[in-house]
Amino acid sequence: MPSRPPTPVPSSASESASDVVRWAAFSCALVPVVLLVYGTSFGGAAGTAVGLAAVTTACRVLLRRSERAAEADRRRTVPYRAGRHSRPGGGARRGGRHGGGCTPRG
């Protein structure tokens, strides 16, 4: 029995977002047709189509804005250290000499 070929995985979030928008546009066309077939008035189906198109457009705008923000964040983020104990900054507990409070008086 031949095995099924693996389904292609989108290489980036942009492609998956485009797929979502394509399916949403398809639904904007399909839902009013189904409503007409099942006896809804033309005005009701047209109103549904307009509402779905508005929601799809708003979601597309938000997806694009999110993609741009994520890309800008990716470009801005620079790895500061690599290693087992990677922490940002020096801090007071990193070893070495500390001035002040713990020196003996005498």
Side-chain angles (χ1 to χ4, degrees):
M1 207 193 284
S3 64
R4 247 192 315 185
T7 56
V9 177
S11 62
S12 70
S14 177
E15 287 181 19
S16 63
S18 295
D19 288 342
V20 169
V21 171
R22 265 189 241 122
W23 277 107
F26 174 72
S27 298
C28 286
L30 182 65
V31 168
V33 171
V34 170
L35 288 174
L36 286 173
V37 168
Y38 282 98
T40 303
S41 68
F42 182 75
T48 301
V50 170
L52 286 172
V55 169
T56 301
T57 302
C59 289
R60 181 175 183 259
V61 167
L62 291 173
L63 274 170
R64 298 295 181 224
R65 182 184 293 177
S66 173
E67 288 172 351
R68 280 190 230 115
E71 185 62 33
D73 191 39
R74 243 182 265 120
R75 275 188 255 130
R76 199 175 2 176
T77 304
V78 177
Y80 52 89
R81 288 177 79 165
R84 186 171 161 194
H85 301 289
S86 57
R87 288 186 181 172
R93 299 180 184 199
R94 300 296 290 175
R97 292 201 144 200
H98 302 288
C102 295
T103 58
R105 294 181 187 229

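None of the values given here were measured: they were computed from a predicted structure.
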Q.
One pair to check against side-chain contact (heavy atoms from CB on, under 4.5 Å): Ser18 and Arg60. What are the steps and the verdict?
A. CA-CA 9 Å; Ser18 295; Arg60 181 175 183 259; over 6 Å; no
Q) Is there a donor-acceptor pair closer than 3.5 Å between any side-chain N or O of Thr57 and the backbone N or O of Ala53? A) yes
Q.
Can you give me the closest heavy-atom contact between Thr40 and Ala45, atom names plus distance?
A. CG2-N, 4.1 Å
Q: Looking only at non-hydrogen atoms, find the nearest pair between Ala49 and Pro32 and report the distance.
A: CB-CG, 3.4 Å
Q: Nearest 0.5 Å please: distance from the CG atom of Leu63 over to the CZ atom of Arg68.
A: 11.0 Å
Q) Which atom names give the shortest non-hydrogen contact between Thr56 and Ala25, and what distance separates them? A) CG2-N, 4.3 Å
Q. Applying the 4.5 Å side-chain criterion to the ILVMFWY set and letting contacts propagate, would Leu30 and Trp23 be lumped into a single cluster?
A. yes
Q) Going only through I, L, V, M, F, W and Y residues with side-chain contacts under 4.5 Å, is there a path from Leu35 to Leu52? A) yes
